[in-house]
Amino acid sequence: MSEDQRADSFHLTPLDIRRQEFRRSLRGYEPLGVEDFRSRVAEELERVIREKAVLEERLAALTEQLRVFRDREKAMNEALVAAQQLREETRTAAEREAQVILREAETAGRRLVDQAASEESAIKTRASEAERQFMAYVGGFRAMLERQLAELRALDGSGAKG
C-alpha cells in the first residue's frame, strides 16, 4: 500500500487512539505494531496540519474578501446617501427655480396685459378722435354742400327770372 493510499484510508480519531490495542509479547508491546501505529499517527497528524494550513489560508483569503466586500458595501452606502442628498438638493433647487420662473412668467403676463390695456385705451382714444374728426369733416362737408346748394338754388332762381 502506498503512503498516499494509506493516508487516505486511515483517518485517526480520538476514539481510535483510545481503542488501539497492541499485541503483547514477553517484553511488552510488539515493536512493529507500535511503530506502525506511531507512523500512522504521525502521517495523520501531518495530513491534519497540512489541511489546517490550507484551511487557514482559505480563511485568510475569505477574510480579506469579506473585508473588501464590506469596504465596497460601505462605499456603496456612502454613494447612495450622497445620491439621495443630491437628489433632494436638486429637487429643492428645481422647485425654487420653477417658482422663480413662474413668478417671472406671471409678472411678464401682467405686464403684457397692462400693455395691451394701455394700447387698447390709446386705440380707443385715437378712434374717438378719428370719429370726432370724421363727424367734424361730415359736418363741414354738409355745411359746404348746403351752401353750394343754396348758391345753386339762388343761381337757378335768378336764371329763371332773367
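No hydrogens, no waters, no symmetry mates; every other heavy atom, side chains included, goes into these values. Quick caveat: nothing in here was measured; it's all calculated off a predicted structure.
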Which distance, rounded to the nearest 0.5 Å, do you find between the [atom1] of [X] and the [atom2] of [Y]?
X    : Y    : atom1 : atom2 : result
R87  : T90  : CZ    : OG1   : 9.5 Å
D114 : E119 : CG    : CD    : 11.5 Å
R38  : E43  : CZ    : CD    : 10.0 Å
Q115 : R110 : CD    : CZ    : 15.0 Å
T63  : E56  : OG1   : CD    : 11.0 Å

Please tell me if the side chains of [X] and [Y] come closer than 4.5 Å, counting only heavy atoms from C-beta onward.
X   : Y   : value
K74 : R70 : no
L45 : I49 : yes
V68 : Q65 : no

Salt-bridge contact R142-E146 (side-chain N to carboxylate O under 4.0 Å): no

Salt-bridge present (E44, R47; N to O < 4.0 Å):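 Here E44 pairs with R47 in a salt bridge, since their nearest N and O are under 4.0 Å apart.
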
Flag if over 12 foreign heavy atoms under 6.0 Å of CE, M144: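 Correct, the count exceeds 12.
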
Listed partners of R96 passing side chain to side chain contact (heavy atoms under 4.5 Å, CB included), at least two apart: T92

Contacts of type side chain to side chain donor-acceptor pair (under 3.5 Å), residue E64, not counting sequence neighbours: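 R67.
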
Indicate every side-chain donor-acceptor pair of residues 122-132 with a distance under 3.5 Å to a residue at least two apart or in another chain.
| unit_1 | atom_1 | unit_2 | atom_2 | d |
| --- | --- | --- | --- | --- |
| T125 | OG1 | S121 | O | 2.9 |
| E129 | OE1 | R132 | NE | 3.3 |
| E129 | OE1 | R132 | NH2 | 3.3 |
| E129 | OE2 | R132 | NH2 | 2.3 |
| E129 | OE2 | Q133 | NE2 | 3.2 |

Evaluation steps, side-chain contact (heavy atoms from CB on, under 4.5 Å), between V100 and R103: CA-CA 5 Å; V100 167; R103 281 194 300 269; 3.6 Å; yes

